[in-house]
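Below, chains carry the letters A, B, ... as their sequence lines are ordered, and counting in each starts from 1.
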Amino acid sequence: MTRFVLQRLAGAVLVLLALSVLVYSLFHLAPGDPARLACGERCNPQQIAQVREQLGLNDSMFVQYLHFLQGVFVGRDYSTGVSLVHCDAPCLGLSYQSDQQVTQLVLERLPATASLVVGALVVWLVVGVGTGLLSAFRRGGPTERILTLLTLAGSGTPVFILGLLLLMAVCAYLQWLPFPSYVPFGEDPEQWGWNLLLPWLTLGLFESAKYARLTRSATLETLAEDHIRTFRAYGVGERSVVTRHALRGAVPPVIAISAVDLGSMFGGAVLTESLFGIPGLGKTLIDGVKAIDLPVVVGVVMVTGTFVVLANVVADLLYAAADRRVVLT
Amino acid sequence: MTPIVEVTDLTVEFARSGDPVRAVEGLSFTLDEGRALALVGESGSGKSTVAGALLGLHRGTGARVGGTVRVGGIDVGTAEAGELRRLRGGVAAMVFQDPLSALDPYYAVGDQIAEVYRVHAGGSRRAARARAVEVLDRVGIPDAARRSRSRPHEFSGGMRQRALLAMALACEPRLIVADEPTTALDVTVQAQILDLLHELRRETGTALLLVTHDVGVAAESVDEVLVMQDGREVERGPVGGMLGAPAEPYTRRLLAAVPRLDGPVREPLQKGSPLLEVHDLRRVFGRGSRAVTAVEGASLTLHAGETLGVVGESGSGKTTLGRMLVRLLDPTGGRLLYGGREIGALPERELRPYRRELQMVFQDPVASLNPRRSVGESIADPLRVAGERDEARIRGRVRELLDRVGLHPDRYEAYPHEFSGGQRQRVGIARALAAEPRIVVCDEPVSALDVTTQAQVTALLAELQAELGLGLVFIAHDLAVVRQVSDRVAVMRAGRIVEQGTVAEVYGTPRDPYTRQLLAAVPSLDPVRATERRELRREGRQELAVA
């Protein structure tokens, strides 16, 4: 098992390196001049050339990439024109736009994204698994048909429509909540919760449709297996059969897919973050792309990639823990 | 004596898209307390359906059940939910076939038994756990307290079957319904389970309803036999009289098809030069500390027109050996000579000309035929691989092959699911023959089939062999079948061939103690002899129990 984890982590480093090469190449191909955007609208050509020199954009893409690697593994120095700034490893570079260290920027934005995603996880596990279980238990009846319809509608509604509908209903029409604005947990836990309630529901409900279908199908599949017949033939009640034995078969896939989803959402909850103005990684990424801010984009992609890769390792470990027949090699 | 089971005019119908299938028709029988009855019949005869009806398992499934079933005084068809649950496990306990899938893979074996116990006896979790350990110990699970915390996949097949018996015993039922309880097991393990069942019944006085397709298993275990065919009773009577002198022609046919250890063997063969010579063949799976040696030091020869039987229990390496013989697996070491030429290490490209001549028939005809292609196309595969391009010739040849294995040539376009198990195995044989092979390795070709179908398939193989001069390797765990079809036999254990010789030598005067142990475990068709042998097995005097 230790060997499995070490192997996978070594693989993860390779994946991340490949990912960084890919992002660098894409930027090289993309149109637009980062120096002009970083300098501002009223810059003359000399100023732009100076900025370009400062940002190291005159070096070849290959040299720029080597500098990036140097920063990640040993740290590097930056000149801001007036002074020299040292950036410790793992240094993801300085933002073209703000001269802020990307590592710091990412660390600042991470809590907001984490708050959103973890809360949404709770929603989709409770709502999704609950709905799936109920429709498996009431299979063939009207309850199941209604639930199937709802989950279909849920997975068919884009997340920003769902979010807008919730915002309009709860904040504008019913006026139960003020329009949300992000409050960090450290400042005011209660406000943190109230303000994140709608984003949690939006992302969680959207995802729960998928989990409802997953739970339902895995539970029904288990119900058709032979060991279920054994417990029925020994007089175990239908409720126990479903909740104890059939649901248990749905646990490993739900855990594994949740872990992977959680990992990818650290960079991928872009729509929800933009809609509710949550200053998270997704929003940072979009802003970086708009400004051709290579260090920020690479930084966010690397951090997100790390989460995705780690989440996959964790998913495998959890799956093996939930289903002891699985041997990790 | 009061009957524990009273079945009157039982009819069970399954609705199959508008066309109901009648699985059981007008069946009546009774079983007294403490007695044992076997329902014997081929697959599709309705015997398992009857077993399910005793516990009301068809209720709520859409099946139509007519007639009445009373078990322990409870009318199974009309009992209310609570009473039905009390019946299931409390009065009558079911022991299922295929012990791997009959237990929940996610929970410890002891917890599953405890759960069932608590449904009926109530009490604390702790008491239920203690009871689970007690019954596991009773059925001979070593170190029961510790092993009760293992999950089913950590048990061997035999231990899982014991665990299912333990579950049945947990609530002290008055009736055990056992549905093919030993079908998935090796012959020695089967003997252990049947002996255990016998002993438990003698101790507790529990009645037994045994469902089996194996007449030998029935002869070992019950007082009375009821033979079923197409959902109806054919014949019923005490086990001794019935198996000794069956009255009905169907029963006689069924008994005649059962391979026996005292049946006729094949005529000795005129041998030429050997087709296949194997020296010290060896196969290792995995590497380093995880390496497992599946076959070690296997040497044998095979002549044209000869059948070499390979017997052994699961995990003995017989399939690995068989696959190496046709180079489906590469040997790790040793020599494999085909027609005098070393082919054990030939690269795939140079092996190609030989591939055609070395064919294999697989155990599971369901899994080894592509369900999405017509059987004709599957049979045509080897022809196309051999380079035949003329569609008309391919069709002609496939039709010829279908006809040759006893299937209608017009079934070219039919798909595997439209065939019965025996017919699918015929398709598998036709496919192996398509390339005009000289050697065919048959890996458990008949173990999934009923005895009568089994007899037809082995007869077909023998006929084709005589006609085409094939060298056959017949791999099976069933010693009686191997004896019937083989010229020579190799007995395998833990990757090694422990004994090899002519059928007369190996079965008549077995030298290896393991061979003797295997032979002693084969069920006897004579109940009197079965009882004697059970006693001998119990005393550990296996050699005397050899039939």
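- Residue B:E154: no heavy atom, backbone or side chain, is found under 4.5 Å from chain A.
- Of all non-hydrogen atoms in A:A250 and A:T219, the two that sit nearest each other are CB-OG1, 3.8 Å.
- Donor-acceptor pairing under 3.5 Å is recorded for the side chains of B:R129 and B:S148.
- With A:E144 as the partner, the side chain to side chain donor-acceptor pair (under 3.5 Å) test is satisfied by one option alone out of A:R216, A:R139, A:R138: A:R216.
- Using a 4.5 Å cut-off between heavy atoms, B:L103 contacts chain A through its backbone alone, with no side-chain atom that close.
- Per-residue heavy-atom pair counts under 4.5 Å with chain A were compared for B:A102, B:G89, B:A170, B:P152, and the maximum is reached by B:A102.
- Highest contact tally toward chain A, considering only B:A92, B:G90, B:A168, B:G82, is held by B:A168 [criterion: heavy-atom pairs under 4.5 Å].
- Across A:S258 and A:L121, no two heavy atoms sit closer than the pair CB-CD1, 4.1 Å.
- The residues A:K210 and A:D261 are annotated as salt-bridged, a charged nitrogen and a carboxylate oxygen being separated by less than 4.0 angstrom.
- Looking at B:A81, neither its backbone nor its side chain comes within 4.5 Å of chain A, counting heavy atoms on both sides.
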